[in-house]
Trainee: 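Handing you a structure now.
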Amino acid sequence: AKTTSSINGTYILENAKDTLVFTSDGEVTSKHPLFPTKVANYKIVNSEISFQFPQGHPMKLSIVDENHLKSMVGGTFVKQ
């Protein structure tokens, strides 16, 4: 089973400026040069990460491997 510590780190969306930072205490932070930083709590169920930022849509990412998270709407976040 995947644990919160297994996805610790910074991931950047390929060909974009969207950055997600996951920490082992279950928090994910979204960073983007044009938008305010947002923080949410995430859950991992069956290699799928789910979270929702305030005033945002629910998000789901699938854990492809230890360095890649695939967005359900297309695009892959790569671990830095």
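Keep in mind that this is a model prediction, so the values were computed, not measured.
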Trainee: Assigning hydrophobic clusters by single linkage (Ile, Leu, Val, Met, Phe, Trp, Tyr; side-chain heavy-atom cutoff under 4.5 Å), is I12 placed with I63?
Mentor: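 Per the 4.5 Å side-chain linkage, I12 and I63 are not co-clustered.
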Trainee: What pair of heavy atoms forms the shortest contact from L61 to M72, and how long is it?
Mentor: C-CE, 4.3 Å
Trainee: With the side chain counted from C-beta on, respond yes when E27 and N41 share a heavy-atom pair under 4.5 Å apart, and no when they do not.
Mentor: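 The answer is yes, as the side chains (C-beta and beyond) meet within the 4.5 Å cut-off.
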Trainee: Tell me, yes or no, whether the heavy-atom count around N15 atom CG, taken from other residues, nucleotides or ligands under 6.0 Å, exceeds 12.
Mentor: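 Atom CG in N15 is not packed in, count stays at 12 or less.
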Trainee: In the single-linkage hydrophobic clustering (I, L, V, M, F, W, Y; side-chain heavy atoms under 4.5 Å), do V21 and I7 co-cluster?
Mentor: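 No, separate clusters.
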Trainee: Whether the side chain of Y11 engages the backbone of N67 through a donor-acceptor N/O pair (distance < 3.5 Å, no angle test) should be reported.
Mentor: no
Trainee: Under 3.5 Å, side chain of K43 to main-chain N/O of E48, donor-acceptor pair present?
Mentor: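 Here the side-chain-to-backbone pair does not exist.
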Trainee: How many angstroms lie between atom NZ of K70 and atom OG1 of T76, to the nearest 0.5 angstrom?
Mentor: 4.0 Å
Trainee: I want to check something: taking the side chain as every heavy atom from C-beta on, are F77 and F22 in contact at a cut-off of under 4.5 Å?
Mentor: no
Trainee: If I take atom CD1 from residue I49 and atom OG from residue S71, how far apart are they, to the nearest 0.5 angstrom?
Mentor: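 One finds 11.0 Å between CD1 of I49 and OG of S71.
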Trainee: If every non-hydrogen atom of T23 is compared with every non-hydrogen atom of N8, which pair is closest and at what distance?
Mentor: C-OD1, 3.2 Å
Trainee: Is it the case that the side chain of Q80 and the backbone of V78 share a donor-acceptor pair, with hydrogens and angles ignored and the cut-off at 3.5 Å?
Mentor: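 Such a contact is found between Q80 side chain and V78 backbone.
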Trainee: Tell me the closest heavy-atom pair linking G9 and K79, and the distance in Å.
Mentor: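 Shortest heavy-atom separation between G9 and K79 comes out as CA-CE, 4.1 Å.
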Trainee: Indicate yes or no: at least one non-hydrogen side-chain atom of F51 is less than 4.5 angstrom from one of L20.
Mentor: yes
Trainee: Using a 4.5 Å cut-off on heavy atoms from C-beta on, say whether the side chain of F53 contacts that of M59.
Mentor: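 Answer yes - side chains close enough.
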